[in-house]
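Sequence positions, counted from 1, serve as the residue numbers for this chain. Values in this document were obtained by computation on a predicted structure and should not be read as measured data.
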Amino acid sequence: PNAILVVSRNFGQVSLWGVDVAATLALGSAVTVSGTYSWASHDLFPNLAGIADVALNAPQHKASLALSLHNPDRGLDASLRSRYVDGVPVISGAFGGQVQPYAVLDADVSWRLPFASRATLSVSGWDLVQAQEAAGGGWQLVDRHLEFVSVPALGRVVLSRIRVAF
């Protein structure tokens, strides 16, 4: 039995800091707008201690913006959420490369069934609209986008469910 052990070594000194902000604004009892933003001071430490590049494997900038509607009289809830993720250098074991910036749009709708008050029908769609920064600059709509290197690209996902509360 020959075991191969792959570990990351510690070396050098880094200084990393960032900010996470989230806010929700209620526009009456039925509508809310919310947003988030995250920033990190670095996503890559080049040639750290003269040994190697060290990547945070996380973007410097991420943001989201959502609009939610709530109508309890009709048993209806709906939301739209957009997400932006900045490009990120990745160094993870044998895998490395650059993930291009991308933006996606998600949607959720749920409806309490009027003929079965304990049942709720929900439909969720993730990455319904996808855009990625083009190699030559600018943005283009795409059918799939990468969120990490050496993994399959993600396409649209639609999920429906019926939930019954007891």
Side-chain angles (χ1 to χ4, degrees), residues 1-26 31-69 77-110 122-161 163:
N2 295 324
I4 298 175
L5 183 61
V6 178
V7 297
S8 298
R9 62 183 175 172
N10 291 324
F11 57 89
Q13 185 175 0
V14 300
S15 178
L16 176 69
W17 53 285
V19 174
D20 290 321
V21 177
T24 300
L25 176 63
V31 180
T32 59
V33 176
S34 57
T36 64
Y37 176 73
S38 296
W39 173 78
S41 61
H42 295 86
D43 59 4
L44 178 68
F45 298 95
N47 197 23
L48 189 61
I51 297 174
D53 293 346
V54 175
L56 190 59
N57 294 341
Q60 275 192 281
H61 304 275
K62 292 191 306 186
S64 70
L65 184 62
L67 173 68
S68 300
L69 306 172
D77 289 298
S79 66
L80 280 175
R81 184 181 72 214
S82 61
R83 295 179 286 131
Y84 166 79
V85 178
D86 201 9
V88 58
V90 174
I91 302 171
S92 181
F95 305 107
Q98 178 76 26
V99 175
Q100 293 301 314
Y102 64 89
V104 296
L105 181 68
D106 306 327
D108 297 293
V109 176
S110 64
S122 301
V123 177
S124 297
W126 299 295
D127 304 340
L128 296 176
V129 178
Q130 305 174 55
Q132 197 157 24
E133 189 172 296
W139 286 80
Q140 63 185 14
L141 293 176
V142 294
D143 290 326
R144 297 179 183 277
H145 70 281
L146 287 174
E147 294 191 6
F148 205 76
V149 297
S150 300
V151 298
L154 297 177
R156 293 169 190 84
V157 175
V158 177
L159 173 74
S160 63
R161 71 178 180 177
R163 183 183 67 182

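The number of heavy-atom neighbours closer than 6.0 Å to CZ of Arg156, taken from other residues, nucleotides and ligands shown, is above 12.
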Please evaluate residues Leu69 and Asp77 with respect to the criterion side-chain contact (heavy atoms from CB on, under 4.5 Å), reporting the C-alpha separation (whole Å), side-chain torsions for both, the decisive distance (0.1 Å), and the verdict. CA-CA 6 Å; Leu69 306 172; Asp77 289 298; over 6 Å; no
side-chain contact (heavy atoms from CB on, under 4.5 Å) between Trp126 and Val104, intermediate numbers included: CA-CA 8 Å; Trp126 299 295; Val104 296; over 6 Å; no
For Asp53 and Leu44, run side-chain contact (heavy atoms from CB on, under 4.5 Å): C-alpha distance rounded to whole Å, both residues' side-chain angles, the deciding distance at 0.1 Å, then the answer. CA-CA 7 Å; Asp53 293 346; Leu44 178 68; 4.1 Å; yes
Could you walk me through whether Val88 and Asn57 satisfy the side-chain contact (heavy atoms from CB on, under 4.5 Å) test, starting with their C-alpha distance in whole Å, then the side-chain angles of each, then the deciding distance to 0.1 Å, before giving a yes or no? CA-CA 7 Å; Val88 58; Asn57 294 341; 5.6 Å; no
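Closest approach of Ala131 and Trp139 over heavy atoms only: O-CZ3, 3.6 Å. Summarising the geometry of Ser122 relative to Ser110, their closest heavy-atom pair is OG-CB, 3.4 Å, with the distance given to 0.1 Å. The minimum heavy-atom distance between Arg144 and Ala153, with the atom names listed, is CB-CB, 3.7 Å. Summarising the geometry of Ser64 relative to Thr36, their closest heavy-atom pair is OG-OG1, 2.5 Å, with the distance given to 0.1 Å. For Phe45 against Ser15, the heavy-atom pair with the smallest separation is CE2-O, 3.9 Å. What you find for Asp43 and Gly87 is that their closest heavy atoms are OD2-O, 4.0 Å.
A distance of 15.0 Å separates CG of Leu65 from OH of Tyr84, quoted to the nearest 0.5 Å. Ser68 OG to Arg81 CZ: the interatomic distance, rounded to the nearest 0.5 Å, is 9.5 Å. Note that CD of Glu147 and CG of Asp127 are 6.5 Å apart. Values are rounded to the nearest 0.5 Å. If you take CG on Leu154 and CG on Leu146, they are separated by 8.0 Å, rounding to the nearest 0.5 Å. How far OG of Ser41 is from CG of Leu56: 8.5 Å, rounded to the nearest 0.5 Å.
With sequence neighbours excluded, the residues satisfying side-chain hydrogen bond (donor to acceptor under 3.5 Å, both in side chains) with Ser124 are Asp108. In this structure, Asn47 has no side-chain hydrogen bond (donor to acceptor under 3.5 Å, both in side chains) partners at least two apart in sequence or on a different chain.
Ion pairing between Arg83 and Asp106 holds under the 4.0 Å rule for side-chain N and carboxylate O.
For Gln130 (side chain) and Asp143 (main-chain N/O), a donor-acceptor pair under 3.5 Å exists by modelled atom type.
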Donor-acceptor pairs under 3.5 angstrom involving side-chain atoms of residues 94-102: please list them, not counting sequence neighbours.
none

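Residues Gln132 and His145 have side chains that never bring a donor and an acceptor to within less than 3.5 angstrom of each other. Side chains of Thr24 and Thr32: a donor-acceptor N/O pair is absent below 3.5 angstrom, by distance only.
Ring pair Trp39/His61 is tilted by interplanar angle, where 30° to 60° counts as tilted.
Residues Val54 and Ile91 have side chains not in contact (no heavy-atom distance under 4.5 Å, counting atoms from C-beta outward).
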